[in-house]
Amino acid sequence: MKRVAIFLLVVLLAGCTLAKGESIVDEPLVSFSISVDGTQTNPKIMSSGSFERFIKEDSYTLDDLNKVVTVQTLLNGDVVFWFYQPQYSPKTKILLSANIEGPKCFIYWTHTYESRSNYAGDPIKSEYVPSFSSGTIRVPEGPCLIDYGKDKRSIFICSNGRYRKQDVGMIKRVAPPSGIFFSSGENSMQLEINLDKTSDEWEDGFVVISKQLLHDMTNQRSNEALLASDLGRVKILRQDGFWFITQIGDYDGCVEDSFYPNPGFYTSNSILKWYCQQKNRLLIDMLLTTMKIAVETTPDVGYKKMPVISELFESWYELGSDYLDTRFSTDCSRFLINCAQIFDCKGAFEKASMLAKTYERLAPGHTIKFGNGFLFEDYIWFEGTPKIQVHASLNHTLCEINYLLELYLLNEDESVKQLALKLIAGLEETCDNWIRDNGDLWYGYFPAWQKYDREDYTDLTYNDLQDTSRLFWQVFGQKNWAIEKLLSSKKAYLGK
């Protein structure tokens with residue numbers, strides 16, 4: 001089996017691979033207690049298990065229905081502590097203690113925002129601001145990193161707030177977190193997680209705890225990873241994956257502070273790149289827990305159907321919910337390939353190839369033919385037939401090619417390479433048509449109107465083309481003229 005590093009990780013592969021001889025620590029790092037309406041309550045174990053060699057997990061319940069606490073002990077001994085206040089629950093308090101000695105003085109870093117945006121692609125204008133304290137503090141809303149204790153121990157707190165389910169596949173933030181308090185003493189650290197009484201809303205979040213420094217806030221390069229993950233502004237991480245904020249007009253029923261489920265895991269892929277350049281316990285902890293989420297939530301067909309209805313595509317194509325978004329699904333499969341490659345995760349290896357099999361099956365009925373090649377439609381709807389054929393965008397096509405070439409490098413499946421060549425042939429047949437008079441590229445081809453149209457992304461397509469150029473060379477030992485022509489034109493337009 002070929003072991004070729006992906007996403008420019010070849011030089012750094014050995015440094016960021018976990019040692020295979022490591023084992024999960026036996027001594028528990030944390031303990032917790034729960035009180036409901038002021039009365040001490042004994043939670044029951046709901047499930048126990050492990051995710052390969054990476055995570056040992058215990059989940060606890062109060063009502064035999066909902067997991068109110070999940071404790072994940074990671075391979076390196078760190079703990080990810082998930083908490084959840086279900087709908088129609090009484091006032092609850094979780095007291096979390098860590099067996100870490102330290103002084104009462106500490107530094108806490110608060111994620112602040114110069115501006116708040118409703119779009120994930122907007123420039124990130126935020127920073128982590130330090131404050132010094134002792135005794136007990138109320139943890140600020142949003143992500144917060146606290147350094148404390150002997151030799152700088154760390155805890156990362158991310159309380160998502162209170163949410164209500166919408167009937168249109170989204171959730172809406174309806175209130176900030178109920179309130180979390182942190183205190184550090186000579187023998188232990190304590191976190192008091194207050195969860196107010198709920199009606200039809202719920203509250204959740206997670207905490208990452210380590211006996212070592214999780215994240216060096218003085219390292220600007222490492223901070224870029226935290227800022228880019230952008231938790232709390234446009235993205236929230238839950239036990240079922242990432243949810244992204246929407247703009248009003250994106251999806252049917254979207255209102256202020258609506259979030260939709262995004263199955264792409266490209267946030268985790270970005271963190272993976274940064275981790276291999278800047279060793280960082282917080283980043284590896286987030287990678288391991290999101291790797292588990294990606295493996296366990298990706299169906300055997302290799303994709304998750306989108307439950308939301310795009311207002312634009314509804315007007316163009318009469319496209320409803322439960323469609324395959326080829327970009328999001330392919331991004332997820334690329335993250336799984338990275339996890340199989342970097343961490344030797346068996347579950348990721350198995351799930352990574354599923355989408356390619358689906359693409360092979362869907363190719364006859366959901367592609368736009370060009371000579372000996374074709375391009376996949378961007379959105380494949382299974383619940384009905386669009387009134388006109390769906391477009392194919394350049395960034396989706398490049399992402400699909402990159403996924404298939406990466407998968408071939410991982411498993412050497414000849415059918416995967418042949419499918420990639422069909423897409424590349426489609427690009428070769430259409431190459432000149434993508435290039436605009438000003439040197440930029442068109443966003444997509446719209447078969448119903450037989451035209452290339454709409455503004456392309458600034459950097460997304462350029463980054464995709466760089467990956468495609470590199471991967472084609474890795475697989476075939478030469479450059480592809482069409483890919484290089486598109487890359488050269490985009491590069492010149494951007495002045496890079």
Side-chain angles (χ1 to χ4, degrees), residues 29-30 32 78-81 83 93-117 123-162 173 175-196 203-237 271 274 278 280-283 285-286:
L29 178 62
V30 302
F32 71 94
D78 293 352
V79 168
V80 180
F81 185 92
F83 58 90
K93 179 186 294 184
I94 301 173
L95 188 62
L96 172 63
S97 299
N99 303 318
I100 303 174
E101 71 284 356
K104 294 182 179 180
C105 298
F106 48 84
I107 306 172
Y108 63 97
W109 301 78
T110 306
H111 197 184
T112 61
Y113 305 104
E114 294 178 16
S115 65
R116 186 178 182 280
S117 169
I124 299 168
K125 299 178 180 179
S126 60
E127 60 181 340
Y128 278 85
V129 176
S131 300
F132 298 87
S133 188
S134 62
T136 300
I137 63 163
R138 183 186 178 110
V139 177
E141 181 183 347
C144 181
L145 183 81
I146 302 175
D147 295 336
Y148 67 98
K150 185 180 178 181
D151 300 325
K152 285 288 186 75
R153 315 302 175 80
S154 294
I155 179 170
F156 180 75
I157 304 162
C158 194
S159 182
N160 293 329
R162 297 164 72 86
R173 180 163 25 209
S178 299
I180 299 178
F181 295 86
F182 170 86
S183 60
S184 174
E186 293 182 359
N187 299 314
S188 67
M189 167 291 291
Q190 287 193 332
L191 203 64
E192 180 184 298
I193 303 171
N194 294 283
L195 302 166
D196 290 340
E203 183 171 349
D204 60 9
F206 66 93
V207 181
V208 184
I209 306 165
S210 178
K211 279 194 171 184
Q212 299 186 31
L213 184 68
L214 277 172
H215 182 85
D216 181 5
M217 280 294 184
T218 64
N219 186 321
Q220 183 59 36
R221 181 60 177 161
S222 290
N223 278 352
E224 289 177 10
L226 271 186
L227 294 176
S229 65
D230 214 7
L231 297 173
R233 181 179 76 107
V234 297
K235 306 166 192 172
I236 56 174
L237 177 59
I271 290 174
W274 267 292
Q278 301 285 328
N280 183 303
R281 291 183 76 93
L282 179 58
L283 299 186
D285 291 351
M286 293 181 68

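Just so it is clear, the structure is predicted and the values come from calculations on it, not from any experiment.
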To the closest 0.5 Å, what do you measure between OG (Ser159) and CG (Leu195)?
8.0 Å
Distance, nearest 0.5 Å, that separates CD1 of Ile157 from CG of Leu191:
4.5 Å
Distance check, rounded to the nearest 0.5 Å: Leu96 atom CG versus Phe32 atom CZ?
8.5 Å
Tell me if a side-chain donor or acceptor on Asn194 pairs with a main-chain N or O of Gly179 at a distance below 3.5 Å.
yes
Over 60° means perpendicular and under 30° means parallel, so tell me whether Phe156 and Phe206 are parallel, tilted or perpendicular.
tilted
What are the two closest non-hydrogen atoms of Glu203 and Ser178, and how far apart are they?
OE1-OG, 2.6 Å
Check against side chain to side chain contact (heavy atoms under 4.5 Å, CB included), Ile146 and Met189
CA-CA 11 Å; Ile146 302 175; Met189 167 291 291; over 6 Å; no
Which value, rounded to the nearest 0.5 Å, describes the distance between Gln190 atom CD and Leu95 atom CG?
4.5 Å
Test item: Ile236 and Asp204 side chains (from C-beta on) under 4.5 Å apart, heavy atoms:
no
Would you check if Glu192 and Thr136 make a side-chain contact, meaning some heavy-atom pair closer than 4.5 Å?
no
For the residue pair Val139 and Tyr108, establish whether any side-chain heavy-atom pair is separated by less than 4.5 Å.
no
Rounded distance (nearest 0.5 Å) linking atom CD of Glu141 with atom CD1 of Ile180:
10.5 Å
Side chains of Val208 and His215: closer than 4.5 Å at any heavy-atom pair?
no
Between Asn99 and Lys211, what is the shortest heavy-atom contact and its length?
O-CE, 3.5 Å
Using every non-hydrogen atom in the two residues, find where Pro143 and Leu231 come nearest and quote the distance to one decimal.
CG-O, 3.0 Å
Once you round to the nearest 0.5 Å, how far does CZ of Phe106 lie from OG of Ser154?
13.0 Å
Any donor-acceptor pair under 3.5 Å from Asn160 side chain to Leu237 backbone:
yes
